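The model shown is predicted, which means the values in this text are computed figures rather than measured ones.
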Amino acid sequence: QVQFVESGGGLVQTGGSLRLSCAASGSIFKINAMGWYRQGPGKQRDLVASITNGGSTNYADSVKGRFTISRDNAENLVYLQMNSLKPEDTAVYYCAAGFQSTSGRLIPSSWGQGTQVTVSS
């Protein structure tokens, strides 16, 4: 069973910053990629950013230039630095871990419980 420890969510004003952290441990499965998804009110859960063990990253168009994902492979730690936050970024953010697709993207197999990010107008 994969265990996730997520932190860094909270309430910020428009234009502010947050840094999400996630530590994955205890998995019997190989982890080749990690990332973050989010689900806003009344919306589907969508990819925010992912990173493979080799450092290949993928970002949603809506966050490019504002968010940065990074990872400590040895410790299965993944971070999401979120800058220039907008109200539309308000969502529950879920840490995910899993496999790497042929295109270098995350295929989630395990999910964290999520952490709330709220950006006020």
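Atoms CG and CD, from Asn76 and Gln3 in turn, are 13.0 Å apart once rounded to the nearest 0.5 Å. Atom CD1 of Ile51 is separated from atom OG of Ser70 by 6.5 Å, given to the nearest 0.5 angstrom. With values rounded to the nearest 0.5 angstrom, Leu47 atom CG is found 5.5 Å from Asn58 atom CG.
No single ILVMFWY cluster, assembled from side-chain heavy atoms under 4.5 Å apart, contains both Phe4 and Tyr94.
The closest donor-acceptor contact from the side chain of Gln116 to the backbone of Gly9 lies at 3.5 Å or more, if one exists at all. Side chain of Glu6 to main chain of Gln113: a donor-acceptor pair is present (N/O by atom type, distance under 3.5 Å, no hydrogens or angles). Using a distance-only test at 3.5 Å, with no hydrogens or angles considered, a donor-acceptor pair links the side chain of Asn53 to the main chain of Ile31. Without hydrogens or angle criteria, Tyr59 side chain to Ile69 main chain gives a donor-acceptor distance under 3.5 Å. Checked by atom type and distance alone, the side chain of Ser101 never pairs as donor or acceptor with a backbone atom of Leu106 at under 3.5 Å. Here the side chain of Arg38 pairs no donor or acceptor atom with the backbone of Val92 at under 3.5 angstrom.
Considering every non-hydrogen atom in both Ser110 and Val2, the closest pair reads OG-CG2, 3.3 Å. The two atoms that bring Ala96 and Pro108 nearest to each other are CB-CB, 4.1 Å, heavy atoms only. A pairwise comparison of heavy atoms in Leu18 and Leu85 identifies N-CD1, 3.8 Å as the closest pair. When all heavy atoms of Gly104 and Ser56 are compared, the closest pair comes out as O-OG, 4.2 Å.
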Any chance you could lay out the side chain to side chain contact (heavy atoms under 4.5 Å, CB included) test for Asp89 and Arg66, step after step, and finish with the verdict?
-> CA-CA 11 Å; Asp89 296 317; Arg66 299 188 298 120; 2.8 Å; yes

Test side chain to side chain contact (heavy atoms under 4.5 Å, CB included) on Thr115 and Leu20 and set out the steps.
-> CA-CA 9 Å; Thr115 183; Leu20 304 183; 4.1 Å; yes

Evaluate the side chain to side chain contact (heavy atoms under 4.5 Å, CB included) criterion for residues Ser50 and Met34: first the C-alpha distance (whole Å), next the side-chain angles of each, then the deciding distance (0.1 Å), finally the verdict.
-> CA-CA 6 Å; Ser50 65; Met34 296 183 68; over 6 Å; no

Full working for side chain to side chain contact (heavy atoms under 4.5 Å, CB included) between Phe67 and Val48 = CA-CA 9 Å; Phe67 292 9; Val48 179; 3.6 Å; yes

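Between Ser21 and Leu77, every side-chain heavy-atom pair lies at or beyond the 4.5 Å cut-off. Under the 4.5 Å side-chain criterion, counting only non-hydrogen atoms from C-beta, Met82 is not in contact with Ser17.
Ring-centre distance between Trp111 and Tyr37: below the 6.0 Å cut-off.
Relative to the ring axis of Tyr79, Arg71 does not place its NZ or CZ within 45° and under 6.0 Å from the centre.
Checking Ser120 against Gln13 by side-chain atom types alone, a donor-acceptor pair falls below 3.5 Å.
We find that Asp61 and Lys64 are joined by a salt bridge, their nearest charged nitrogen and carboxylate oxygen being less than 4.0 Å apart.
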